[in-house]
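Okay, so here's the structure we're looking at.
Per chain, numbering begins at 1; letters A, B, ... match sequence-line order. None of the values given here were measured: they were computed from a predicted structure.
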Amino acid sequence: AQSVSQHNHHVILSEAASLELGCNYSYGGTVNLFWYVQYPGQHLQLLLKYFSGDPLVKGIKGFEAEFIKSKFSFNLRKPSVQWSDTAEYFCAVNCIHMYSGGGADGLTFGKGTHLIIQP
Amino acid sequence: GAVVSQHPSWVICKSGTSVKIECRSLDFQATTMFWYRQFPKQSLMLMATSNEGSKATYEQGVEKDKFLINHASLTLSTLTVTSAHPEDSSFYICSARFETKADTQYFGPGTRLTVL
């Protein structure tokens, strides 16, 4: 079974600082990779996703992530954070089962990173 | 587009009663929906995969007789927590897979269940 590890459970940064949140997954096959954000009191929103192609993916709100297959990593980055980026960030993966028509499973989530941006 | 709703948003019930939670894809059809559970300050755990017109697939450790899932149409899946107990109190979140949008899942706002 696949698993997802997020290294930082709590991160506190000042506005304009650069951000990098680590995410590693374990699975030997083909995966889709996601970053979701959950703002206080709101539901999960997709920040970005990687299915195939260019390993550097750009998402909404200035976020990007790089898939490094050799490291099983999909780290999230933002060059300059804002106070409004305060939220919970989840890395997630699902696996493509080629033997069952290529359908993908439900998502396996990391434990999340609570990001606090100080003004 | 790609909006998923859940009803109710919160529910309080007595121990031993059953609670039904609805998940609807409002502007797209979803043959596959997923149910997750989120404990306070923890991550989401996949409970089951809901397939329209067929039986749900449950993750290991999830009791299928306790968490009944029905996916009767392409826009509606329901999760019924039967004979609820306080340990079932949690945040239940559904997602719907938008198959024409590269298999992306869209999440509902969640349902807070409190069992007294």
Would you give the length of the straight line joining atom [atom1] of [X] to atom [atom2] of [Y], rounded to the nearest 0.5 angstrom?
X	Y	atom1	atom2	value
Gln38(B)	Phe109(A)	CD	CZ	8.5 Å
Thr104(B)	Phe51(A)	OG1	CZ	4.0 Å
Glu59(B)	Thr108(A)	CD	OG1	7.5 Å
His43(A)	Cys94(B)	NE2	SG	10.0 Å
Gln42(A)	Phe107(B)	CD	CZ	15.0 Å

Counting distance only, does the side-chain N/O of Tyr36(B) pair as donor-acceptor with the main-chain N or O of Leu107(A) below 3.5 Å?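 It does hold such a pair.
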Quick check: does any side chain N or O of Ser43(B) sit under 3.5 Å from a backbone N or O of Gly112(A), one acting as donor and the other as acceptor?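 Side chain of Ser43(B) to backbone of Gly112(A): no pair is present.
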Mind checking which of residues 75-84 of chain A sit less than 4.5 Å from chain B, heavy atom to heavy atom?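 Residues in range: none.
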Run the ring pair (Phe, Tyr, Trp, His ring centres under 6.0 Å) test against His114(A) and tell me which residues pass, sequence neighbours left out.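 Only His10(A) meet the ring pair (Phe, Tyr, Trp, His ring centres under 6.0 Å) criterion with His114(A).
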Are Met45(B) and Leu68(B) in one and the same hydrophobic cluster, where Ile, Leu, Val, Met, Phe, Trp and Tyr link if side-chain heavy atoms are under 4.5 Å apart?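 Cluster IDs for Met45(B) and Leu68(B) differ.
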Toward chain B, the part of Gln38(A) with a non-hydrogen atom under 4.5 Å: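 The side chain, not the backbone.
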A quick test of your reading: do over 12 heavy atoms of other residues, nucleotides or ligands sit less than 6.0 Å from NZ of Lys66(B)?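 Yes, enclosed.
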Atom NE2 of His7(B): over 12 foreign heavy atoms under 6.0 Å: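 Counting other residues, nucleotides and ligands, NE2 of His7(B) stays at 12 neighbours or fewer.
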